[in-house]
Amino acid sequence: MALGRDDVAAWLRALRVVYAENKTLLTDLDAAIGDADHGINLDRGFSALVAELDKNAPADIRGLLQTTAMTLIRHVGGAAGPLYGTFFLRAASACAGKQRLEAPDVVALFEAGLQGIVERGKAAPGEKTMVDALAPAVEAMQRSLGDGGRLGDILQAGAQAAEEGMKATIPMEARKGRASYLGPRSVGHQDPGATSAWLLVKTAAERWR
Amino acid sequence: MALGRDDVAAWLRALRVVYAENKTLLTDLDAAIGDADHGINLDRGFSALVAELDKNAPADIRGLLQTTAMTLIRHVGGAAGPLYGTFFLRAASACAGKQRLEAPDVVALFEAGLQGIVERGKAAPGEKTMVDALAPAVEAMQRSLGDGGRLGDILQAGAQAAEEGMKATIPMEARKGRASYLGPRSVGHQDPGATSAWLLVKTAAERWR
Amino acid sequence: MKKLINDPDRVVLESLAGLALAHPEILRVSFDPVYVVRADAPRPGKVGVISGGGSGHEPMHVGFVGRGMLDAACPGQVFTSPTPDQIEAATRAVDGGAGVLHIIKNYTGDIMNFEMAAELCRAQGITVRAVVINDDVAVEDSLYTAGRRGVGATVLAERLCGAAAERGWALERVEALCRRVNAAARSMGMALTPCTVPAAGRPNFQLGPDEIEMGIGIHGEPGRERTRWRPAREIVARMTETILADLPFERGDRVIAMVNGMGGTPLMELYLVYGELQPLLEARGITVARRLVGNYVTSLEMAGCSITLVKADDEMLSLWDDPVLTPGLRWGA
Amino acid sequence: MKKLINDPDRVVLESLAGLALAHPEILRVSFDPVYVVRADAPRPGKVGVISGGGSGHEPMHVGFVGRGMLDAACPGQVFTSPTPDQIEAATRAVDGGAGVLHIIKNYTGDIMNFEMAAELCRAQGITVRAVVINDDVAVEDSLYTAGRRGVGATVLAERLCGAAAERGWALERVEALCRRVNAAARSMGMALTPCTVPAAGRPNFQLGPDEIEMGIGIHGEPGRERTRWRPAREIVARMTETILADLPFERGDRVIAMVNGMGGTPLMELYLVYGELQPLLEARGITVARRLVGNYVTSLEMAGCSITLVKADDEMLSLWDDPVLTPGLRWGA
Ligand SMILES: Nc1ncnc2c1ncn2[C@@H]1O[C@H](COP(=O)(O)OP(=O)(O)O)[C@@H](O)[C@H]1O
Ligand SMILES: Nc1ncnc2c1ncn2[C@@H]1O[C@H](COP(=O)(O)OP(=O)(O)O)[C@@H](O)[C@H]1O
Ligand SMILES: [Mg+2]
Ligand SMILES: [Mg+2]
Ligand SMILES: [Mg+2]
Ligand SMILES: [Mg+2]
């Protein structure tokens, strides 16, 4: 099964619902080791995205992802704004010219997005950030793709790895972002960005079965 | 029985203890219809008075009362400072030249003090102030003196009238001082100044039996 | 009670010690008796302008000592009037031979202490005039009460009279200006939370999690009514309408407006309040010619705000623009 | 949550609307994207100085826009970095051809958003330099963390760089000054109470009735340790010693000192804190050459304070004394 423009739009709109539903969870996680705004930030960003798509929906996948990038960059702020903004900016480039996304294209989308986050945030795995959910997710997707998995399986593998990666942030000591100010006091808390990143992959897996 | 300088000093020192003990009560009464400082103000003033007497005790009754006036005026502030300050200033004048106070002299002391408060504060009876305790007290003392009462009886009558006057302030609507800002909301609360005035007379009655 | 203090009984003195260290070019502090005075006092031939009152309203009054505003301020204990000896000493310290104006907020205690001080000063040959500020529309003005409280207008009166005195006006003229400012000024305040007087150690009143007090005094004295929380827009509209109706203000009036924080309300909210106020005034044809937005007359850490409006004429506006150099208000210098 | 607001999501915008109405001679506000800019920007040939960050720290940064300080400020949502489009638009609005300096507090979000904006500006041919302020000694400075937070020194850097730009200094020289100020500055903060972000609706952390947080960040990020309340004297001594040891400061140093309120602490207490600080410094042979005591970098209505010390040289002191005319800091104008 290949994804069309509307599938991508459906994913983006689903994310808006997911982040609205998880606004308090993400904010509470951020309250423990950050400044209690991660859920609020993403909810604001994805609400703005849906408003933008309602007004002015791009006709192709690249355009959708680019609008997402620009809207998040404009409305999220904080660390998550540039990070997720860059994710979608690179994802958009990865989809340039494509009317439909086959399984390898979807993996390439996430690969490019992750790469963008890593370049923007300069975080390595193990530093208690969204990278700790996304990097294993991308690896799992690549593995599943190499194993000849179908798109649904690939994304399923990605979501599962993201969830494990997210949980693995609990014992980590933060080395990037606001949580790093806490040093050892950051241990024992799940990273909010890793959690929102897991939701990003999980929602794709649920939408793009 | 006539009072000497040491009896007057004992009264002043006893007042210090009484106002310390009633600091919270007076402050709480003031919290309800004023600014929650009446007990604090008097405690500060009479502590300063005892410190002053310890350092530098005047040799005569007038001097004692004048020192009391000046110390209260300097250390109490608020409405009570000038009012009780004026009380003792006039009381001092009333005792000028006297080595001992006979019953009529004691009544004259309170009369003069009350007159000072009335002139300074311009409050009439019924306006929910210290006048409502002091004015009936002075009247009762005059009556008892006229009836040929002994000093102890006179002061007892004064203390009882002060207590009744104090209680009578509860249903009054304040027309003077900070409580008057409350208008009808001042009804139902006992006036802090009437309460401290009752303590003033009551302590005299207890000391000068 | 958690506060940045050492000893509840020494808060005022220790704070004044810090004030003295922080602003040696502007002011000096006398500790016995306690008053704050301009570094260059007395100024021969200049009318002295003095105010005072309970502490806990900072920057008022001690933070308004300096060129173009107060010559001296007499701080009492927290929320307690200063005593006559302070006021007398301050008056003597600023008297440059042209007389001294006492600007008094209308509280029984303040008035009586200032009156006693004035008697003492006059006995020493100093000419003292007194003006009582009573701008609080939340309190009914009646012959049968102590009358309206003095609140925000005090800052504006201190500033304008300070400027006039600096220009060399005679005492009578400064006094008349002060009366004119007071007559043209109206204020109203509200609180979202109480505050804690250090010596008392607990909040001076209680408000429910959803309650506000409209018409509060600057010592937390209860106001007109206790209501449920409302949006800032409605609160500002209520306060503004009450103020405007009282004088009354009219189309074509120019005003000096002050949106004042009670201490615990963020500046962000005070600007939001100002953003509600000015359009309301404009809609009634009233022009805000000058304004202050910030913490000027506080009640310790109470959350809330007050609004003060003064009908201003050309002379007041011109005085307003004169240089002022105090810890709490400064421009042109 | 009781606040003087209408809608938690519109607090920042509505507050800026009030700011614009209150200070039309000093600044203008753009609402799409959101930034605050000097009324007379751009000034041809003058280096532009810009800062920005989450809102809720007022007067920083929007209250520091004006002559002798910031050319523009980019306010984010409360406690949330501003976005690149705001920063880019503000940079374009102040570019007078001499380049623009971005003064950035060291938070990952702030840095990334400013970086993205700088990329956008450079693509349009505007020369942009960036300096990151990281003065908070409460945070361990390590290659393995995001490093120290930027706090109080930001105000001093904005003021000094703003003065330098006003004097006509070239971009490289203003940038170098900014780095010099940052390198010579250390701060530490503490909190007595939390604060409530309007959009969150409840306090951002909890402190017991007898607890304080030493080394708190300006967004309520936890600090070095949570301890029992102590007298101000001990708190100030702890903060001062930590700061002095860090640079280290030495006998004979002159400093610009700032005692900053977190928002909910009365000015009376801030002066008391200053009264503790200066003698401590003097005892170590350090002279306070200039000082600020008041609310400059707040955390909404949090109670607490911070202390900032900057080792100052003659040039810095001379720049400090230049006129500044902003809503939040003003002298000589
Ligand atoms: N340098 C970085 N690289 C990758 N992710 C980061 C980095 N810094 C922070 N993050 C992520 O951002 C999340 C916080 O986002 P958010 O709360 O929206 O921003 P802020 O910290 O500015 O308030 C963290 O939980 C973490 O996952
Ligand atoms: N004009 C007045 N005449 C007589 N007594 C007064 C007057 N005004 C106030 N009082 C008394 O003073 C008391 C309050 O004293 P206090 O709390 O010490 O002063 P303040 O009101 O300045 O805080 C009142 O309870 C009242 O009895
Ligand atoms: Mg956050
Ligand atoms: Mg009282
Ligand atoms: Mg009082
Ligand atoms: Mg944030």
Side-chain angles (χ1 to χ4, degrees), chain C residues 2-7 11-12 14-22 55-56 58-59 63 78 192-193 195 207 209-212 229 231-233 235 259 263-279 288 291 293 295 298 300-301 303-305 325 327 330-333, chain D residues 2-7 11-12 14-22 55-56 58-59 63 78 192-193 195 207 209-212 229 231-233 235 259 263-279 288 291 293 295 298 300-301 303-305 325 327 330-333:
Chain C
K2 290 185 294 185
K3 288 178 175 280
L4 286 168
I5 64 176
N6 296 308
D7 171 352
V11 174
V12 173
E14 294 183 356
S15 177
L16 290 173
L19 183 79
L21 289 175
S55 293
E58 289 69 25
V78 175
L192 297 154
T193 65
C195 59
L207 276 176
D210 198 31
E211 276 183 332
I212 62 174
W229 178 87
R233 186 162 301 135
I235 291 172
V259 168
T265 280
L267 195 53
M268 194 169 72
E269 296 177 31
L270 298 180
Y271 275 112
L272 189 150
V273 165
Y274 185 75
E276 299 291 344
L277 173 65
Q278 182 173 320
V288 181
R291 78 278 292 168
V293 181
N295 291 305
T298 60
L300 296 171
E301 70 282 359
C305 73
L325 198 175
R330 182 170 182 173
W331 56 73
Chain D
K2 290 185 295 186
K3 287 177 175 284
L4 286 168
I5 64 174
N6 296 307
D7 172 352
V11 174
V12 174
E14 294 182 356
S15 176
L16 291 173
L19 183 79
L21 290 175
S55 293
E58 290 68 26
V78 174
L192 297 154
T193 66
C195 59
L207 277 176
D210 197 32
E211 278 182 331
I212 62 173
W229 177 87
R233 186 161 302 133
I235 291 173
V259 168
T265 280
L267 194 53
M268 194 169 72
E269 296 176 32
L270 298 179
Y271 275 111
L272 189 150
V273 165
Y274 185 75
E276 299 291 344
L277 173 65
Q278 182 173 319
V288 180
R291 78 278 292 168
V293 180
N295 290 305
T298 59
L300 297 170
E301 70 282 358
C305 72
L325 198 175
R330 182 170 182 173
W331 56 74

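Every chain is numbered from 1, with letters handed out A, B, ... down the list of sequences. Everything quoted here is computed from the prediction, not taken from an experiment.
Of all heavy-atom pairs between D:G56 and C:M268, the closest is N-SD, 4.0 Å. Smallest separation of non-hydrogen atoms from D:L21 and C:P279: CD1-CD, 3.9 Å. In plain terms, the two heavy atoms of C:P327 and D:Y271 that are nearest each other are CB-OH, 3.8 Å. Of all heavy-atom pairs between D:P231 and C:N6, the closest is CB-OD1, 3.5 Å.
A donor-acceptor pair is defined here as one N or O able to donate and one able to accept, closer than 3.5 Å; such a pair exists between the side chain of D:E269 and the backbone of C:L4.
Heavy-atom pairs under 4.5 Å with chain C peak, among D:A333, D:G275, D:G63, D:C305, at D:A333. When D:L192, D:L325, D:T193 are compared by the number of non-hydrogen pairs under 4.5 Å with chain C, D:L192 comes out ahead. Between chain D and the options C:V12, C:V259, C:L267, the largest number of non-hydrogen pairs under 4.5 Å is found for C:L267. Between chain D and the residues C:P209, C:G263, C:S55, the largest count of heavy-atom pairs under 4.5 Å involves C:P209.
With contacts defined as side-chain heavy-atom distances shorter than 4.5 Å, the pair D:L270/C:E58 does not qualify. D:L207 has its side chain within reach of C:K2: a pair of non-hydrogen atoms, C-beta onward, lies under 4.5 Å apart.
Both the backbone and the side chain of D:A22 come within contact range of chain C, with heavy atoms under 4.5 Å apart. At a 4.5 Å heavy-atom cutoff, the contact between D:I235 and chain C is made by side-chain atoms alone. Contacts between D:W229 and chain C at a heavy-atom distance below 4.5 Å involve the side chain alone, from C-beta outward. Both the backbone and the side chain of C:V11 come within contact range of chain D, judged by heavy atoms closer than 4.5 Å. For D:T298, no part sits under 4.5 Å from any heavy atom of chain C, backbone or side chain. Only the backbone of D:D210 comes within contact range of chain C, with heavy atoms under 4.5 Å apart. Interface residue D:Q278: only side-chain heavy atoms are found under 4.5 Å from chain C. With a 4.5 angstrom heavy-atom cutoff, C:C195 does not touch chain D via any of its atoms. C:V78 touches chain D through its side chain: at least one heavy atom from C-beta onward sits under 4.5 Å away, while N, CA, C and O do not. Heavy atoms closer than 4.5 Å to chain C are found in the side chain of D:R291, but not in its backbone. Of the atoms belonging to D:V273, it is side-chain heavy atoms, and not backbone ones, that fall under 4.5 Å from chain C.
Going from atom OG1 of C:T265 over to atom CD1 of D:I5 covers 11.0 Å, rounded to the nearest 0.5 Å.
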Item to check | Trace of the side-chain contact (heavy atoms from CB on, under 4.5 Å) decision for D:E301 with C:E301 | outcome: CA-CA 9 Å; D:E301 70 282 358; C:E301 70 282 359; over 6 Å; no
